Amino acid sequence: PKSGHNRDMIRPPNILLLAVDSLRRDHMSGYGYPKLTTPHLDRFARDAALFEGHVSAHIPTTPAYGTLLTGRDAFGTQVVALRHQGPLTPDVKTLAEILRGHGYDTTCVGFTGNPSARGFDRYLDFGQTWGGWNQRPLRKAEELNKVFLPELDRLHAAGKPWMVMLRHMDPHAPYLPPPPYDALFFGGDPCAPGKTTMDPVKAFKPFRDFHLSWSPPGITDADFLTAQYDGELAYLDACVQVILARLAALGAMDDTIVVLTGDHGETLYEHECWFDHHGMYEPTLVVPLVIRFPAMLPAGKRIPGVHRHQDVVPTLLELAGLEGGVPCDGRSLLPLVAGKDAGLPSEFYITECTWMRKHGWRTPEWKLIVALEPDFHFKPEVELYNLKNDPGELRDVAQQRPEIVEAMRKKMDDWIARRERETGKTNPMLTQGDWHGVKGLGPFKTSQQAYDTLYIGDADTARRLQEGEKKK
């Protein structure tokens with residue numbers, strides 16, 4: 001990449017963060033998905049740098065954005081749970097706080113009240129993001145645009161550099177895209193007799209009523225729901241193009257670092273996690289990262305290598321010419337873009353605290369998953385997958401390869417101990433109390449207890465449960 005240009009600029013570049021909830025990269029056509037789900041974003045990526053191996057290591061939403069917006073890992077943010085209790089630690093600075101110190105005007109759309117969204121000058125919310133089958137369609141991305149486009153005009157007219165985070169709620173469930181996107185990828189009958197793929201979804205009591213609340217009555221074919229997820233992506237894609245067109249019309253496209261990523265991915269029919277984003281399997285961890293800034297990034301370059309959300313803030317600060325003096329656990333990806341060694345670790349700690357509390361260790365070849373308490377899927381305490389031979393993670397080989405389990409656990413435990421020494425803080429995965437939202441219950445004793453306790457009702461109940469994200 002070119003370097004140093006913006007140190008001679010009077011005004012640093014704007015930053016637009018397109019932060020898409022539940023966006024798994026392997027369902028984007030630009031990342032090789034065979035269905036054309038993201039044609040506009042594919043074209044955008046041809047003018048940008050596309051990173052092939054980006055991972056969300058701390059799921060779900062609250063810890064993922066905590067890391068994405070600070071450049072700190074879970075030990076730095078002390079945030080690992082969806083329903084994080086209390087504010088973000090004052091020991092860290094968010095990107096919005098850093099940029100404010102450099103004269104930026106900052107706005108957050110769609111993430112008001114979440115502890116990880118601290119520090120913006122202005123918070124805006126948009127219309128209905130939840131609803132059932134009878135409320136369809138949900139025009140989430142259009143509602144976001146109604147709020148953001150006037151704000152974009154205001155920011156542009158003000159003449160200061162600006163940073164905006166757009167927290168998109170497509171393709172987060174409920175998957176209820178408007179026509180024609182609801183029919184782009186499924187032309188059959190979702191209630192066809194003889195289809196049984198929805199049977200296990202209907203049998204999973206914790207999620208059953210939620211999923212059925214936004215599915216066609218009598219649904220039998222789970223492929224319909226996957227097609228609705230893909231339709232949500234296509235709808236989002238068109239609505240993001242409206243934003244990019246406005247940015248171009250203002251003459252601000254090349255003066256703006258535009259970033260596309262997701263907080264985490266989404267599990268569809270895999271791993272019995274049924275159309276949600278829990279489980280530390282690859283569909284939940286893999287997210288896109290596309291960055292456009294032609295002054296410093298090559299157009300159309302696909303960049304291999306594995307990296308994490310904690311690497312985004314140092315990358316953006318270097319692109320904006322503002323690096324230095326801000327502690328980050330991640331590293332800038334610009335050396336990687338130039339084909340150099342960026343000093344990025346190839347293996348790392350992964351965590352989840354949504355509907356299950358687990359942690360693990362991911363290497364290029366292996367993934368270890370260790371439950372910190374029994375889970376509501378009745379899965380074994382320890383799982384081990386060979387990512388090279390079994391990329392779908394269909395064969396748990398923990399029993400067959402105890403020596404790999406032991407070696408991976410030692411790496412994980414040694415790393416945790418080192419981070420505890422460095423930060424002077426206990427691993428936050430061990431200090432979550434009633435992470436599940438049931439006051440006074442403490443850790444689950446059995447999988448049956450977890451199964452009987454955790455329950456999402458209809459879409460409105462799901463919305464109220466998600467409000468746990470916003471506790472301060």
Side-chain angles (χ1 to χ4, degrees), residues 21-24 60-61 82-83 110 126-144 168-179 181-186 188-193 195-233 235-236 264-279 283-284 354-356 376-377 436-438 450-470:
D21 204 306
S22 311
L23 179 59
R24 58 185 280 182
T61 299
L82 174 71
R83 303 168 195 84
F126 58 95
Q128 187 180 23
T129 55
W130 299 90
W133 182 251
N134 292 332
Q135 286 83 50
R136 73 188 188 282
L138 297 181
R139 298 182 178 273
K140 300 178 241 184
E142 287 171 276
E143 292 294 321
L144 183 150
H168 281 274
M169 282 296 284
D170 302 280
H172 191 294
Y175 315 147
L176 293 169
Y181 304 98
D182 58 338
L184 279 187
F185 304 108
F186 191 92
D189 177 6
C191 306
K195 293 282 187 179
T196 59
T197 50
M198 278 298 292
D199 288 356
V201 183
K202 294 175 181 178
F204 186 62
K205 188 176 72 173
F207 285 5
R208 174 186 60 209
D209 292 343
F210 171 60
H211 289 325
L212 294 181
S213 76
W214 50 267
S215 298
I219 183 172
T220 58
D221 191 345
D223 286 345
F224 175 80
L225 297 187
T226 297
Q228 298 314 292
Y229 178 86
D230 290 343
E232 288 261 309
L233 284 186
Y235 167 64
L236 165 79
H264 48 69
E266 183 85 333
T267 306
L268 297 167
Y269 202 70
E270 305 97 338
H271 305 293
E272 302 174 326
C273 293
W274 315 131
F275 308 102
D276 189 62
H277 32 267
H278 66 281
T284 315
T354 319
W355 304 111
M356 308 190 292
F376 68 162
H377 287 294
H436 37 60
V438 183
Y451 184 88
D452 292 338
T453 302
L454 295 171
Y455 172 71
I456 315 177
D458 59 15
D460 191 55
T461 306
R463 177 193 57 77
R464 291 196 301 271
L465 285 170
Q466 290 278 345
E467 290 299 315
E469 294 178 10
K470 299 185 178 181

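Being a predicted model, the structure only gives us computed values, none of them experimental. Throughout, residue positions are numbered sequentially from 1 according to the sequence presented.
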> Only counting residues at least two apart or in another chain, list the ones meeting salt bridge (charged side-chain N to carboxylate O under 4.0 Å, His left out) with Asp189.
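Not a single residue meets the salt bridge (charged side-chain N to carboxylate O under 4.0 Å, His left out) criterion with Asp189.
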> Might you point out which heavy atoms bring Leu138 and Pro178 nearest each other, and give the distance in Å?
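Smallest heavy-atom distance, with atoms named: O-CD, 4.0 Å.
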> Please list, chain by chain and in numerical order, all residues satisfying side chain to side chain contact (heavy atoms under 4.5 Å, CB included) with Asp221, sequence neighbours excluded.
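Applying side chain to side chain contact (heavy atoms under 4.5 Å, CB included) to Asp221 gives Phe186, Lys195, Thr197, Asp223.
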> Rounded to the nearest 0.5 Å, what's the gap from CG on Leu82 to OG1 on Thr61? Could you check?
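The CG atom of Leu82 sits 6.0 Å away from the OG1 atom of Thr61.
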> Let me know which of Phe376, Tyr451, Trp274 forms a ring-ring contact (aromatic ring centres under 6.0 Å, His included) with Phe207.
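Result: among Phe376, Tyr451, Trp274, Phe376 is the only option passing the ring-ring contact (aromatic ring centres under 6.0 Å, His included) with Phe207.
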> For the pair Leu236 and His168, evaluate side-chain contact (heavy atoms from CB on, under 4.5 Å) and give the outcome as yes or no after the intermediate values.
CA-CA 8 Å; Leu236 165 79; His168 281 274; 3.4 Å; yes
> Determine yes or no for a side-chain-to-main-chain donor-acceptor pair under 3.5 angstrom, with Gln135 supplying the side chain and Gly132 the backbone.
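Indeed, once roles are kept as given, a pair shorter than 3.5 Å links the two residues.
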> Which heavy atom of Pro174 sits nearest a heavy atom of Gly131, and at what distance?
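Nearest heavy atoms, Pro174 then Gly131: CG-O, 3.3 Å.
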> How many angstroms lie between NE2 in His277 and CZ in Arg24, if you round to the nearest 0.5 Å?
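Rounded to the nearest 0.5 Å, the NE2-CZ separation comes out at 13.0 Å.
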> Who passes side-chain hydrogen bond (donor to acceptor under 3.5 Å, both in side chains) against Thr220, sequence neighbours left out?
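Thr220 satisfies side-chain hydrogen bond (donor to acceptor under 3.5 Å, both in side chains) with no residue once adjacent residues are dropped.
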> How would you list, by chain and number, every residue that makes a side chain to side chain contact (heavy atoms under 4.5 Å, CB included) with Thr453, sequence neighbours excluded?
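For Thr453, the residues satisfying side chain to side chain contact (heavy atoms under 4.5 Å, CB included) (neighbours in sequence not counted) are Val438, Leu441, Phe444, Gln449.
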> Grab the two heavy atoms, one from Met198 and one from Leu212, that are nearest each other, plus how far apart they are.
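Heavy atoms only, the tightest pair is CE-CD2, 4.3 Å.
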> With rounding to the nearest 0.5 Å, note down the distance linking CD1 in Ile219 to CG in Leu225.
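If we round to the nearest 0.5 Å, Ile219:CD1 and Leu225:CG are 4.0 Å apart.
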> Got a sec, which residues hit ring pair (Phe, Tyr, Trp, His ring centres under 6.0 Å) with Tyr175, two or more places apart in sequence or on another chain?
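Checked Tyr175 against ring pair (Phe, Tyr, Trp, His ring centres under 6.0 Å); matches are Trp214, Tyr229.
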> Quick check: does any side chain N or O of Glu266 sit under 3.5 Å from a backbone N or O of Pro283, one acting as donor and the other as acceptor?
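No, Glu266 side chain to Pro283 backbone: no donor-acceptor pair under 3.5 Å.
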> Where do Pro171 and Ser22 come nearest, in terms of heavy atoms and distance?
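In terms of heavy atoms, the two residues are closest at CG-O, 3.4 Å.
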> Please identify each residue that fulfils side-chain hydrogen bond (donor to acceptor under 3.5 Å, both in side chains) with Gln128, with sequence neighbours left out.
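Gln128 satisfies side-chain hydrogen bond (donor to acceptor under 3.5 Å, both in side chains) with no residue once adjacent residues are dropped.
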> Among residues at least two apart in sequence or on other chains, which ones pass ring pair (Phe, Tyr, Trp, His ring centres under 6.0 Å) with His377?
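With sequence neighbours excluded, His377 shows a ring pair (Phe, Tyr, Trp, His ring centres under 6.0 Å) to Phe204, His278, given in chain and number order.
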> Nearest 0.5 Å please: distance from the OH atom of Tyr455 over to the CZ atom of Arg208.
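Between Tyr455 OH and Arg208 CZ, I get 7.0 Å after rounding to 0.5 Å.
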> Just wondering, do Pro200 and Tyr269 contact through their side chains at under 4.5 Å, heavy atoms?
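Yes, at least one pair of side-chain atoms sits under 4.5 Å.
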> Say you draw a straight line from CD of Glu270 to CZ of Phe275; how long is it, rounded to the nearest 0.5 Å?
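Atom-to-atom, Glu270:CD and Phe275:CZ are 8.5 Å apart.
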> Could you list the residues that satisfy salt bridge (charged side-chain N to carboxylate O under 4.0 Å, His left out) with Arg139, not counting sequence neighbours?
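If we apply the salt bridge (charged side-chain N to carboxylate O under 4.0 Å, His left out) test to Arg139, skipping adjacent residues, the hits are Glu142.
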> Quick one: do Asp276 and Phe210 satisfy side-chain contact (heavy atoms from CB on, under 4.5 Å)? Show the steps, please.
CA-CA 11 Å; Asp276 189 62; Phe210 171 60; 5.9 Å; no
> Please report the interatomic distance CD(Glu143) to CE(Met169), rounded to the nearest 0.5 Å.
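Answer for the CD-CE pair, Glu143 versus Met169, is 13.0 Å.
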> side-chain contact (heavy atoms from CB on, under 4.5 Å), that's the test. Do Leu176 and Gln228 meet it? Break it down for me.
CA-CA 7 Å; Leu176 293 169; Gln228 298 314 292; over 6 Å; no
> Sequence neighbours left out, what passes side-chain hydrogen bond (donor to acceptor under 3.5 Å, both in side chains) with Asp452? Give chain and number order.
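By the side-chain hydrogen bond (donor to acceptor under 3.5 Å, both in side chains) rule, Asp452 matches Gln448.
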> Quick one: side chain to side chain contact (heavy atoms under 4.5 Å, CB included) partners of Leu184, sequence neighbours excluded?
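Result, side chain to side chain contact (heavy atoms under 4.5 Å, CB included) vs Leu184: Tyr181, Ala234.
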> Can you name the residues that form a side-chain hydrogen bond (donor to acceptor under 3.5 Å, both in side chains) with Ser215, not counting sequence neighbours?
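Checked Ser215 against side-chain hydrogen bond (donor to acceptor under 3.5 Å, both in side chains); zero matches.
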> Measure from the side-chain N and O atoms of Asp170 to the backbone N and O of Ala141, and report whether any donor-acceptor pair falls under 3.5 Å.
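Flag set: sc Asp170 to bb Ala141 pair under 3.5 Å.
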